[in-house]
Amino acid sequence: MMIDHNSVILGVDCGGTNLRVGLVGSDYRVSNTQVYESQRILIGDSPMDRLADLLERYLSECLTDDQELIAISTGFPSMVAADRKTIIRTTFAPALNHIDVTQALSRFHVPVYAEKDVNLLLRYDGWRLNLRPQGVWLGVYVGTGLGCSLAVDGKILEGVHGVTGELGHIPVRTGLRCGCGNDGCVETKTAGNALVRELKARYGSDEPISDAFLRHAQEPFIDEWLEYLAIAMATAINLLDPTAVIVAGGVPQMAGFPKERLLEKIHRMARKPVPDIDLSLMYPSVNPEDGIIGAAMYAAERAGNPRERSTPAIALS
């Protein structure tokens with residue numbers, strides 16, 4: 001797969017809430033971004049047929065005559081098998097289980113790549129933060145669920161089954177049944193879905209999640225939510241002794257997110273004297289197109305054409 005200035009990769013970022021699509025050029029600039037509701041596309045008996053139809057319409061409207069589509073790269077909030085073709089399981093969309101993504105999108109006659117969505121984000125975050133490819137990078141992505149990606153010496157750690165990084169499914173005896181089918185996963189007490197559940201239980205369905213930390217930061221349920229997030233993160237930190245800890249996703253970007261309280265809780269739980277002594281958290285800015293760019297980076301990596309940095313590293317928020 002040759003990448004030149006006329007080539008574009010179709011990046012598809014299938015999140016738990018939103019599905020984003022865009023064309024990525026050789027300079028990692030995204031054009032024609034479109035956003036759809038994941039739950040309207042990736043449900044029912046034939047979610048991949050609906051996704052393929054959507055992508056076909058998108059390309060007919062957005063791909064210009066002077067552009068050449070050279071690959072489709074997709075990220076899913078799922079367990080993706082080691083073959084990087086098959087979705088094993090998706091918590092929020094049971095129809096996205098045991099799906100061969102490359103076969104489902106074969107109508108486009110270009111290479112198709114599938115990856116776990118948070119692995120795409122960590123690839124992009126490592127690149128734009130200009131992280132040194134040494135040691136362990138721990139990426140914690142707090143969105144609809146509690147996502148996690150790991151890299152060792154700059155390479156994504158996949159595991160024998162391809163499913164490394166299921167941080168949200170550490171068992172902590174929450175007394176709640178997780179969407180994965182297990183009891184007591186930490187994700188049942190932290191991340192976006194848990195926050196929405198607690199807000200609705202206390203204030204009704206009209207309470208906006210976007211104001212949760214501004215309006216309710218001092219309430220016990222928020223402190224408990226942070227406590228469980230800290231438990232998950234401290235567990236990973238104590239196990240891995242990472243060189244970089246990235247915290248991103250939609251929830252940490254919300255107004256009033258209590259960064260200092262979270263760090264204090266992690267310090268309390270972290271092993272002493274190290275890794276506690278120099279522990280810090282990195283909060284990169286989050287943009288809607290991050291997953292799309294990460295998808296393009298993954299396609300270029302798979303094709304043996306990783307692109308060099310042409311823009312400066314970003315600042316942390």
Side-chain angles (χ1 to χ4, degrees), residues 1 3 8-25 28-30 33-36 38 42 51 55 70-88 90 96 99 101-102 105 111-129 131 133 137-152 154-159 162-168 244 246-250 252-253 282 284-303 305-307 309 314:
M1 183 173 72
I3 301 175
V8 292
I9 295 169
L10 177 59
V12 184
D13 178 17
C14 302
T17 302
N18 293 313
L19 188 157
R20 294 182 170 89
V21 180
L23 296 172
V24 186
Y28 283 146
R29 295 186 185 278
V30 183
T33 303
Q34 298 290 332
V35 182
Y36 310 91
S38 296
L42 303 177
L51 178 60
L55 298 181
I70 58 172
I72 297 174
S73 189
T74 62
F76 292 89
S78 312
M79 301 172 72
V80 180
D83 64 10
R84 283 320 190 240
K85 299 190 301 183
T86 308
I87 297 175
I88 299 173
T90 307
L96 278 182
I99 297 288
V101 177
T102 60
L105 300 181
V112 175
Y113 304 107
E115 177 61 292
K116 189 176 178 180
D117 58 350
V118 291
N119 289 345
L120 302 180
L121 293 173
L122 186 59
R123 278 184 176 86
Y124 180 46
D125 284 338
W127 179 82
R128 64 180 178 152
L129 293 170
L131 297 181
W137 302 345
L138 168 63
V140 179
Y141 297 94
V142 191
T144 305
L146 179 58
C148 173
S149 180
L150 302 169
V152 178
K155 301 295 184 182
I156 297 296
L157 185 64
E158 297 179 356
V163 298
T164 296
E166 291 293 318
L167 186 63
I246 298 169
V247 184
Q253 294 293 308
M282 307 172 75
S285 60
V286 174
N287 300 299
E289 297 171 341
D290 290 351
I292 295 173
I293 298 173
M297 295 183 71
Y298 177 55
E301 176 186 305
R302 286 283 301 273
N305 291 286
R307 303 173 200 177
R309 173 181 300 282
I314 68 165

Atom pair OH/CG of Tyr36 and Leu51 - distance to nearest 0.5 Å:
10.0 Å

Could you pull out the closest heavy-atom pair between Ala248 and Val286, with the gap in Å?
CB-CG2, 4.0 Å

How long is the span from the CG atom in Leu120 to the CG atom in Asp290, to the nearest 0.5 Å?
11.0 Å

Does a side-chain heavy-atom distance below 4.5 Å link Phe76 with Val101?
yes

Is it true that a side-chain atom of Ser73 and a backbone atom of Gly11 form a donor plus acceptor pair closer than 3.5 Å?
no

Flag the pair Met79 / Lys116 as yes when at least one side-chain heavy-atom distance between them is below 4.5 Å, and no otherwise.
no

Nearest heavy-atom pair of Ala244 and Leu131: which atoms, and what distance?
CB-CD1, 4.1 Å

Would you say Ile9 and Ile72 make side-chain contact, with heavy atoms under 4.5 Å?
no

Please tell me if the side chains of Arg84 and Asn119 come closer than 4.5 Å, counting only heavy atoms from C-beta onward.
yes

Could you tell me whether the side chain of Asp117 reaches within less than 4.5 Å of the side chain of Cys14, counting heavy atoms only?
no

Contact summary for Pro284 and Leu129, nearest pair of heavy atoms
CB-CD2, 4.2 Å

Say you draw a straight line from OG1 of Thr90 to CD1 of Ile99; how long is it, rounded to the nearest 0.5 Å?
8.5 Å

Quick one: does Ser38's side chain get under 4.5 Å of Thr17's, heavy atoms only?
no

What closest approach, in Å, do Glu166 and Val163 show between heavy atoms, and which atom pair accounts for it?
CG-O, 3.5 Å

Side-chain contact, heavy-atom cut-off 4.5 Å: Ile292 with Thr33?
yes

Got a second to check how far Thr164's OG1 is from Leu150's CG, nearest 0.5 Å?
7.0 Å

Has Ser149 got a side-chain atom pairing as donor or acceptor with Leu122's backbone, closer than 3.5 angstrom?
no

Pairwise distance NZ(Lys85) to CG(Leu105) - rounded to 0.5 angstrom:
13.0 Å

Using 0.5 Å steps for rounding, measure from the CD atom of Glu158 to the CD atom of Glu115.
6.0 Å

Tell me, do Asn287 and Arg128 make a side-chain contact under 4.5 Å, heavy atoms counted?
yes

What are the two closest non-hydrogen atoms of Gly154 and Trp137, and how far apart are they?
CA-CH2, 4.0 Å

Determine whether the side chains of Tyr141 and Asp125 contain a donor N or O and an acceptor N or O closer than 3.5 Å.
yes

Please walk me through it: do Cys148 and Val118 pass side-chain contact (heavy atoms from CB on, under 4.5 Å)?
CA-CA 6 Å; Cys148 173; Val118 291; 5.8 Å; no

